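Structure record follows, encoded as structure tokens.
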Protein chains: 2
Amino acid sequence: MTSRRGDGNIQPQVDRVAEARRVLGSLRIDRSSTAERVADALRELIMRGEMPPGMPLREHQLVELLDVSRNTIREAFRLLSRERLVVHHLHRGVAVRQLDEDDIHDIFRTRRPIELMAIEYSATAPRRSLLELLALVEQAEEAADRDDWEHVATMDIVFHQRLVELIGSERISAFFRIVHTELRLVFGIVERPPDLFARFVPRNRRLAELLLAGERATATSELEAYLDEGERLLTRGVRVLFSGSDAVDS
Amino acid sequence: MTSRRGDGNIQPQVDRVAEARRVLGSLRIDRSSTAERVADALRELIMRGEMPPGMPLREHQLVELLDVSRNTIREAFRLLSRERLVVHHLHRGVAVRQLDEDDIHDIFRTRRPIELMAIEYSATAPRRSLLELLALVEQAEEAADRDDWEHVATMDIVFHQRLVELIGSERISAFFRIVHTELRLVFGIVERPPDLFARFVPRNRRLAELLLAGERATATSELEAYLDEGERLLTRGVRVLFSGSDAVDS
DNA sequence: GACGGGTAGTTTGTTGAACAGTATGGTACC
DNA sequence: GGTACCATACTGTTCAACAAACTACCCGTC
């Protein structure tokens, strides 16, 4: 790390590396397999709600549609089922994941203990992380002002993802990314009033402020209220939806 | 659900169903794909430590060894990578997962908040579940008496799995099964004195007894001591191991 | 001797075709 | 109404082939 040349030429090696990093940093080469890109495309469709839950994904159909081989499609299916976006039944193929009331209950039963514990961990988190939470809330508020509920929903999820990341466990964070993806699936399905997510924004603001103030006991009850309300609203949302459709699971 | 025949022939339908269930209940038909069975076989080998961490799994080699097609092997690889037993690198294939010191640290950073929260949830858990924890400890003690350290390790993991299941979240339970599998991977690698797991047994006993007594504050500190000791011992175990080998990740 | 370049061999990624086995829906029959 | 049979659609699995990427090795150059 020390310069081995004359004074007129300080750290040429490091300079060149830094230069290269600066120039090449922007360009990003696609290093993904076809199966991954197929999975990306399908993920996009599923998350946007273009493919209704329960809809079977036929291999042959996708082969013609995407112009890739059957094996590649099947590999993409495996990737998606790892994220629980589709379910796989032997000899019956895969279908878009369909969450029922029990799933929502379990999702919140998952969020509750972990997010509550994240509040405890906020005690030792760097102040910068807590300020970032507040910044996310402000982004959500701006989005709400211009009626961009899609973005409000995204910010809500990112907020709680960041909250969980305060724990500092890479595994828990990755696990929560999947749980939050499932939650997004529900968002896409649910019959929702446009202000569904608007109700969460002020709660998140209060939560962020309480964490910054170090008032974790109050933050805990605020979070519990948030989760209770969220579960209630979403459960009601899917309940009006499940009138004549059947569930697919595993 | 009601009998539609005469009185001499009460609920013949139900009787026949019950009879059939009794007779057929014992026999279990193999409803798994070839890929799953291949994955099972490989999982067994990996968990038993037969395949050292970092060892590359060549498709062609396994095709000849197991007499299945390459595609099926690849499908099995996907299943295993979902459980994080192998890692997959594009164009480089898969290799047996190799955990380093950071992984162990992260595993315990994962266990700590969730298991601590499980203690809180033990307050509302049925007494039967807590008694089952105690029964598991007794099994471990018996195994320790006959120097069956393999089984002691298993019982330790099952104990903590059951503890986490007190939370009642199917997703958290499934997540922890994977984390515990990773932990087993470490067990298989680590240079361990035979009494490594023996030290955990009395701790687990105390833990179970404290939970039954409802003394959760004390149980919390007991669990923290257990986790601190576990992390310390395992970290030391892998540290003596990593002298000249290289890590594979992602 | 370190470095870069070419080259051959190995391994993976992907395709396409084929066949067997399983689910599904319908129709005829009792 | 229930059962058996049949045709169809789709999945699970195998096999052969080729392109692309990685690895290792040799070789000449500085």
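All values reported here derive from a predicted model rather than from experimental measurement. Below, chain A is the first sequence line, B the second, and so on; all start at residue 1.
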The answer to which of R92(A) and E75(A) contacts DNA chain C further toward the 5' end, by nearest nucleotide, is E75(A)

Rounded to the nearest angstrom, tell me the gap between atom [atom1] in [X] and atom [atom2] in [N].
| X | N | atom1 | atom2 | answer |
| --- | --- | --- | --- | --- |
| E59(B) | dG13(C) | CD | C1' | 8 Å |
| E64(A) | dA17(C) | CD | P | 12 Å |
| L90(A) | dT24(C) | CG | P | 12 Å |
| H91(B) | dA19(D) | NE2 | C1' | 10 Å |
| R78(A) | dG13(C) | CZ | C1' | 17 Å |
| H89(B) | dT23(D) | NE2 | C1' | 16 Å |
| L62(B) | dT11(C) | CG | P | 12 Å |

In the structure I gave you, are the side-chain heavy atoms of L234(A) and L183(A) within less than 4.5 Å of one another anywhere?
yes

NZ/NE/NH1/NH2 to OD/OE distance under 4.0 Å, [X] and [Y]:
| X | Y | result |
| --- | --- | --- |
| E170(B) | R177(B) | yes |
| R109(A) | D102(A) | no |
| D103(A) | R171(B) | yes |
| D40(B) | R43(B) | yes |
| R184(A) | E150(A) | yes |
| E182(A) | R97(A) | yes |
| E165(A) | R162(A) | yes |

The correct set of residues in residues 66-74 of chain B placing a heavy atom under 4.0 Å from DNA chain D is V68(B), S69(B), R70(B), N71(B), T72(B)

The salt bridge (Lys or Arg N to Asp or Glu O under 4.0 Å) partners of R58(A) (sequence neighbours excluded) come to none

The correct set of residues in residues 31-41 of chain A placing a heavy atom under 4.0 Å from DNA chain C is S33(A), T34(A), A35(A)

Looking at H88(A), I'd like to know whether one of its side-chain N or O atoms comes within less than 4.0 Å of OP1 or OP2 on dG12(D).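 For dG12(D), OP1/OP2 do have a side-chain N/O of H88(A) under 4.0 Å.
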
